[in-house]
**Q** 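Got a structure for you, written out below as structure tokens; questions coming shortly.
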Amino acid sequence: MSGQRGSNLCSSHKLSLLVLSMLVVFISSINSLPLDEQSELEPETYSKYYNYDQLTDLLKSLAQKYANIANLTSIGRSVENRELWVMRITRDPTADGPGKPKFKYVGNMHGDETVSRQVLIYLLEYLLEKYGEEPRVTELVDSTDIYIMPSMNPDGFEKSKEEDCMGKDEGRNNAKNIDLNRSFPDQFEEIHVNAEEMPEVVAVMRWILQNKFVLSGNLHGGTVVASYPFDDSAAHDNEGTYSRSPDDALFRYLARVYAENNPVMKTGQPKCEENINETFKDGITNGAKWYDVAGGMQDFNYLKGGCLEITMELSCCKYPPSTQLKTEWDNNREALLAYMEKVIHIGVRGFVRAARNDAPLADAVIMVAGINHKVSTSRFGDYYRLLLPGTYNITVLAPGYVWYIFMRENCMCGFYILRTVLWFSYIIWLGLTADEEKDSRVTVQPQDFRHHHYNDMELFLQKFSSEYSSITRLYSIGKSVQERSLWVMEISNNPGVHEFGEPEFKYIGNMHGNEVVGRELLLNLIEYLCHNYGTDPEITQLINSTRIHIMPSMNPDGYEVSQEGDISGVQGRNNTNNYDLNRNFPDRFNFVTDPRQPETLAVMNWAKSYPFVLSANLHGGSLVVNYPFDDNPDNVSRYSKSSDDDVFRMVALAYSQESSQMYDGHSCKGMDLYQEYFKDGITNGAEWYNVHGGMQDWNYINTNCFEVTIELGCYKYPPAADLPKYWERNRRSLLQYIHQVHRGVKGVVIDSKDGSGIANATITVDTINHPITSNAAGDYWRLLVPGKYHLTASAQGYSSVSTFVNVPKEGVESVNFTLNRIHSYTNGQTTEDTTPVLDPTVKEFQSLIKQLSGESGLDKLIKDTPTQSSFRYRRYSEVSEFLRGLTLNFPEITSLQSLGQSVEFRTIWALEISNNPKVQEPSEPKIRFVAGIHGNAPVGTELLLEFAASLCINYGKNAAITRLINETRIVILPSINPDGRELAKEKDCTSTAGKTNVHSKDLDNDFFGNASQRAAEPQPETRAVMDLIQERGFTLSVALDGGSVLVTYPYDKPVQSVENADTLRYLATVYANHHAKMHSGDTGCPNSQSMLISSIHTSSFLKQQFIFSDFSVDFGHCPEITVYTSCCLFPPAEMLPTLWAENRKSLLSMLVEVHKGVRGVVKDKNGKPIVGAIIVLNGGVRVFTSEGGYFHALLAPGLHNIEAVADGYQQQSQKVSVSPFEAANSIIIQFDMENDIFGLPRELVVASAAAAMTALVVTACIIWCVCSAKSNRQKDGFHRLRQHRDDYDDEIRLMSMGSKKSLLSHEFQDESESEEDTLYTNKL
């Protein structure tokens, strides 16, 4: 029995366990189901408020359930670490794409204004639930990118209390008691945005600036009205002042859209208890007219984000009882939907794309004439500009592209912009014109106040360059005497690139080594700009719109020997060579004779390499802003006024007025040593004291840059403890001075034919004798004080254009010039155009040449084509193997040819690189690179081998290299003197071993022009190269040698001038300007003087005759320059990478230059090419047409005369304009005279005519003989013949002339002959 009970008990336990396990599995399966399969979300009751946790759960649940159209993200956190949730509602909400405008609603900005929070929850639920059911909602969600933030102030909401209608509790502000709608940067008032105190504001600012929202609504409570910008005015009157925005009519319309769809709001009579009689016409109001609100979010959206936002006050009671929520939702549902729909139903929208390849253009600016407010395209090229119905002039502008203006009614418009260069910059967001905004401030201040010695400063700069790499670039412009780098920090939203239309600014400090305040202030400024970018609108706008360059120390050597505590001393003032750098620049009156110092040369080159507009040189020892001129010819202290004296006073005052101590004018109070007074804290330099060789005057005279000198204090090297007060005194001044770069006029000078920018165009102001020039892309900046001016833009080869302009009191006026080309003049007659119609590929190549000719074109190309070679010197066998390796690896673009052999039977190799190297293509320019003419200078050989490898490796990978090779025939002779190279000694900088060939002949002196000049046959190496040169067809030749660092050009004959000296000098200058060191004019070589020019006439450098480059010019009709690549003839192999880096850009520049000048074809009237026609350039240099009638000649920029001469044709002449930035002008020269006569070939007609003339002459001779015989038969015999000799002679003469008298005498002549007469005749 007991056994049975035990068995039953066991069975029951087993059954219980089975049931329990099944239950667990069932529950687990339930829990594993997706949320929407477990249970449906509770239906909305519209009768309760959601606290933060409930809101979070709800939003997450909705995002999970409607994942196809909803995505939940947080844009930041509140003070108390609550997420700032944003629900994105659109089709495919996790991906960005074109064609959908961005819309946003923000609620609960004031924590105790809670209706907005709830109606936005109801709205997003409504959109999600009705999507796919209601066509209206479906269309809205499919076509719009909707962002809904129910609560911007979750901390404040948690503190608020239901039924508090007046906001008596503390929930309005955030947890730091900050009113979030008074904390945004304001156009009329200084607002400090502190990330710790108001993280909600910082997060929303970032959100706005990162997204190109089109339309927005900010939902509040406390009354019932729609309020629109501006929210405050400059006067900040409490109420009653209408502050009109540029889009005022549009804002009023949008506000009415909301108000008209809200049954309470549209009455204009909210009847709130607090102000029962308050009314609003049509239910709308201008913000500032209602009451002044500084720091409001709606104004920030419009001014900084390009987004139109209005503020909707939804209810009289801020926190009404939850029972009222259904009514509030019903009152606002239609208004919320109708307002959203306006983002897709009004205005202009479309895409901006590049015409050539249809690529979208991001950040193209859309401007509407008469409305001073810009919007820009997204990264997909789409744009949305809300406008009221009407007709508008719309301008589209994109950096590096041709801008268009056209008139449109409201429509779906697609803008297509012709691409003129291959690169342009991206702008994060647009700032406003200065007459629309007053700068906002932030208070994130520098913390690093100490004196920075060189190594410390270098680490500081490297640290900020690394941490803020998106907006900084650290670069060196050269080195001091003691080899310390002259560092410059660039700060820009697109560092390393000159952005089209963006001015460039520079600060220089510590020019005098013991004047250190400027050095430290500039380091503080770098820290300040970096820390505040993206959070402080003023700093963000300044960096986005300005390319700022900061050099903390121009004299780092002097600083290192200076002493802290120095008040007025001179220790460390000068550089290591004991020269005052601010007395070392070329001056107007040639008083400065000291040798140019490396620091000076570096800054001079830097100033000419960038399109600086404004600059300041920071000094110490007084407290004043000093402006040009600094000197006068009499060397006395009196006012020396520049042509731009008013401009200099304006920018100087801009600095001093922000510094109360400086503006006071008493520079050094309390210091008995100084009792100076400067009215308003500024002074003319020469009126203070004369300075010859100063940097500020040199900048003004030699560049487009206006510079002043700022004396920061009377203590040259103050204690480190004083540095914070210097920063505080100068912070606003430093920023305000940078703002001055955006004064006056700016614009672009455009070619009317192709819309491209015109470089080096001159902009003149009729009343100011100081022209400025346009940058490489055609953009220009001209500082001017407010007023009316007459401006003229002119450029070589173009007709000038003038216009009047009014310069505003604040900001800059845009003035663009479109110039017409002066067309060619053929035989004195103007022609409309001789340029052939170009196909798109030719236009594309011309754009490439223009891009590569720009400021950073080649830099970008080098950056895109890095090299990884291990440099070493190669002997002859290795050179041969290397060249053969190129042809084996790149057979489609290379061809190796033997030109001949050296004395010791080493091959003189010529490598051709082109897309079709074995086929002659006369229409392509041909460039020759030559090295190794002196065997003891092998650097050129190694550079050319690396150059060839770099071209081949990047062919097909880099578009620019590929196109250059496809359009050019490149011939490389790496070693002319291989025998000498085998004898040369590595690391010997001066040895002559290997200089000559094995016959001890300097090959560079072996190029005799003709046999009469020779005492002996040319060397075999010379003969090989001479034959190549005399083949003609080369457009340019570059020879590499060693022993210095400069470029020379023919002639090398000291007594002879070359006909195309301007062109040769220009080519040499181009090479030097692209060289890392050469452009400074200082060779850096031992025992060599610094030269202010880096390209010189060869006869000034070498006194030789029969030199290689002269032969190339005289007998090859090809311009040639000679490049001396290094001071040392045979430097160590470790130097080769540096030398390659220094010369690579210059070598590439020659591939670009060979496509410039003038090119074309010579034809007869029937279109037949004329081969061998002579093209005479400027009456001197001659080139010859090749197969197909093609010719190509390089010319210096400017206007040139071209004459074409061919046998049997009339001479033709034209004038052409050559640009330094554009591909060769292509012209057609057509001879008027036909080659046929009477329909027969000229040669046949000429031969026939010659035969006919010969026959006539023979016939005339026969007739003369017969007539002579007859005249001898006179009856009077021999004596009669003598008697009438004169008559007889006359008769013969008349006969030969065919006169009537002769014919008559023959007619009546006695025809009888006697034997005597016959006998006489025979004897005669």
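Here the structure is a predicted model, which is why all the values come from computation and not from measurement.
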**Q** Keeping the roles fixed (side chain from T887, backbone from R884), state whether a donor-acceptor pair exists under 3.5 Å.
**A** yes

**Q** Identify the two heavy atoms, one from A937 and one from D1041, that lie closest to each other, and give their separation to 0.1 Å.
**A** CB-OD1, 3.7 Å

**Q** Would R969 and E912 count as a salt bridge (Lys or Arg N to Asp or Glu O under 4.0 Å) here? Give the steps.
**A** CA-CA 7 Å; R969 295 180 64 198; E912 180 176 345; 3.1 Å; yes

**Q** Pair L883, L945 - check side chain to side chain contact (heavy atoms under 4.5 Å, CB included), show working.
**A** CA-CA 8 Å; L883 295 172; L945 292 177; 3.8 Å; yes

**Q** Any donor and acceptor pair, going by atom type alone, linking the side chain of T996 with main-chain N or O of D1002 inside 3.5 Å?
**A** no

**Q** Less than 2.5 Å separating the SG atoms of C989 and C1128?
**A** yes

**Q** Please report the shortest heavy-atom distance between T907 and S898, naming the atom on each side.
**A** CG2-OG, 3.2 Å

**Q** Less than 4.5 Å apart, any side-chain heavy atom of P1131 and any of V939?
**A** yes

**Q** Set out, in order, the CA-CA distance, both residues' side-chain angles and the distance that settles side chain to side chain contact (heavy atoms under 4.5 Å, CB included) for V1045 and T1125, then state yes or no.
**A** CA-CA 5 Å; V1045 182; T1125 57; over 6 Å; no

**Q** Would D859 and K863 satisfy salt bridge (Lys or Arg N to Asp or Glu O under 4.0 Å), going step by step from the backbone distance to the final call?
**A** CA-CA 6 Å; D859 290 324; K863 183 179 180 181; over 6 Å; no

**Q** Backbone N or O of V481 within a donor-acceptor pair of the E599 side chain at under 3.5 Å?
**A** yes

**Q** Would you say the side chain of T968 lies within less than 4.5 Å of the side chain of S914, judging by non-hydrogen atoms?
**A** no

**Q** For M1078, which of N605, V1123, T1069 qualifies under side-chain contact (heavy atoms from CB on, under 4.5 Å)?
**A** V1123

**Q** What distance separates L601 CG from K1077 NZ, expressed to the nearest 0.5 Å?
**A** 13.5 Å

**Q** Does the side chain of Y1049 come under 3.5 Å of the side chain of R1065 through a donor N or O and an acceptor N or O?
**A** yes

**Q** Are the side chains of L1040 and V930 in touch, meaning some heavy atoms are under 4.5 Å apart?
**A** no

**Q** Compute whether any side-chain donor of one residue and acceptor of the other, for Q1019 and H999, lie under 3.5 angstrom apart.
**A** yes

**Q** Taking all heavy atoms of V1152 and all of S853, pick out the closest pair and write down the distance.
**A** CG1-OG, 3.6 Å

**Q** Any side-chain heavy atom of P586 within less than 4.5 Å of one from M604?
**A** yes

**Q** At what distance, to the nearest 0.5 angstrom, does CZ of R928 lie from CD1 of I970?
**A** 14.0 Å

**Q** Any cation-pi pair here, K926 with F1034, using under 6.0 Å and within 45°?
**A** yes

**Q** Is atom CD of E1187 surrounded by more than 12 heavy atoms (other residues, nucleotides or ligands) closer than 6.0 Å?
**A** no

**Q** R981 versus R875: any side-chain heavy-atom pair under 4.5 Å?
**A** yes

**Q** Knowing that exactly one of M1135, H1074, H1075 qualifies, which makes a side-chain contact (heavy atoms from CB on, under 4.5 Å) with E1142?
**A** H1075

**Q** Is the closest side-chain donor-acceptor distance between R1144 and T865 under 3.5 Å?
**A** yes

**Q** What's the separation between atom CG in L1148 and atom CG in L964, rounded to the nearest 0.5 Å?
**A** 8.0 Å

**Q** Between E1021 and V903 (side chain of the first, backbone of the second, donor and acceptor by atom type, cut-off under 3.5 Å), is there such a pair?
**A** yes

**Q** I need the L858 CG to L861 CG distance, nearest 0.5 Å.
**A** 6.5 Å

**Q** When you measure from the side chain of N936 to the backbone of S991, do you find a donor-acceptor pair of N or O atoms at a distance under 3.5 Å?
**A** yes

**Q** Any side-chain to backbone donor/acceptor pair from N954 onto N958? Under 3.5 Å, distance only.
**A** no

**Q** Between D979 and S902, does any side-chain donor sit less than 3.5 Å from a side-chain acceptor?
**A** yes

**Q** Would you say that T990 contacts D988 through its side chain, given a criterion of any heavy-atom pair below 4.5 Å between the two side chains?
**A** yes

**Q** Hey, is the main chain of S923 close enough, under 3.5 Å, to the side chain of R1159 for a donor-acceptor pair?
**A** yes

**Q** Roughly how far, to the nearest 0.5 Å, is the CG atom of L944 from the CG atom of L1147?
**A** 6.5 Å

**Q** Check whether F882 forms a cation-pi arrangement with R874 (NZ or CZ under 6.0 Å from the six-membered ring centre, at most 45° off the ring normal).
**A** yes

**Q** For a 4.5 angstrom cut-off between non-hydrogen side-chain atoms, does I1029 reach C1118?
**A** no

**Q** Side-chain polar contacts of residues 1190-1200 - donor-acceptor pairs under 3.5 angstrom, sequence neighbours left out - could you list them?
**A**
residue, atom, partner, partner atom, Å
H1192, NE2, V1154, O, 3.3
H1192, NE2, K1156, O, 2.8
H1200, ND1, N1178, ND2, 2.9
H1200, NE2, A1196, O, 2.5

**Q** Under a 3.5 Å threshold, yes or no: a donor from one side chain and an acceptor from the other, between H934 and N977?
**A** no

**Q** Within the distance-only criterion (no hydrogens, no angle test), does the side chain of T1185 pair as donor or acceptor with the backbone N or O of A1173 below 3.5 angstrom?
**A** yes

**Q** Go through it in stages, so that I can follow the logic: the residues are R872 and E942, the test is salt bridge (Lys or Arg N to Asp or Glu O under 4.0 Å), and I'd like the CA-CA distance, side-chain angles, deciding distance and then a yes or no.
**A** CA-CA 8 Å; R872 71 185 197 290; E942 302 306 326; over 6 Å; no

**Q** How would you list all residue pairs meeting ring pair (Phe, Tyr, Trp, His ring centres under 6.0 Å) that involve residues 896-933, not counting sequence neighbours?
**A** F929-F947

**Q** Take N577 and Q597 through the test side chain to side chain donor-acceptor pair (under 3.5 Å) and record every step on the way to the result.
**A** CA-CA 8 Å; N577 291 336; Q597 296 302 293; 2.8 Å; yes

**Q** Between T962 (side chain only) and G956 (backbone N and O only), is there a donor and an acceptor less than 3.5 Å apart?
**A** yes

**Q** Minimum heavy-atom separation for Y876 to E982, with atom names?
**A** N-OE2, 2.9 Å

**Q** Rounded to the nearest 0.5 Å, what separation is found between the CD1 atom of I1227 and the CD1 atom of I1175?
**A** 7.5 Å

**Q** Do I1202 and L1177 have side-chain heavy atoms sitting under 4.5 Å apart?
**A** yes

**Q** For V998 versus E904, what's the shortest heavy-atom pair and its separation?
**A** CG1-OE2, 3.3 Å

**Q** Check for a donor-acceptor pair, side chain of T1022 on one end and backbone N or O of P1018 on the other, with a separation under 3.5 Å.
**A** no

**Q** Between Y873 and F1130, what is the ring plane arrangement, given parallel below 30°, perpendicular above 60°, and tilted in between?
**A** perpendicular

**Q** Do C952 and I913 pass the side chain to side chain contact (heavy atoms under 4.5 Å, CB included) test, and can you show the C-alpha distance, the side-chain angles, and the key distance before you say yes or no?
**A** CA-CA 8 Å; C952 292; I913 302 176; 4.1 Å; yes

**Q** Strictly by modelled atom types, are N915 and Y955 linked by a side-chain donor-acceptor pair under 3.5 Å?
**A** no

**Q** Identify the two heavy atoms, one from S975 and one from I908, that lie closest to each other, and give their separation to 0.1 Å.
**A** O-CG2, 4.2 Å

**Q** Before giving the answer on side chain to side chain contact (heavy atoms under 4.5 Å, CB included), spell out for I927 and T1035 the whole-Å C-alpha distance, their side-chain angles and the decisive distance to 0.1 Å.
**A** CA-CA 6 Å; I927 185 170; T1035 309; over 6 Å; no

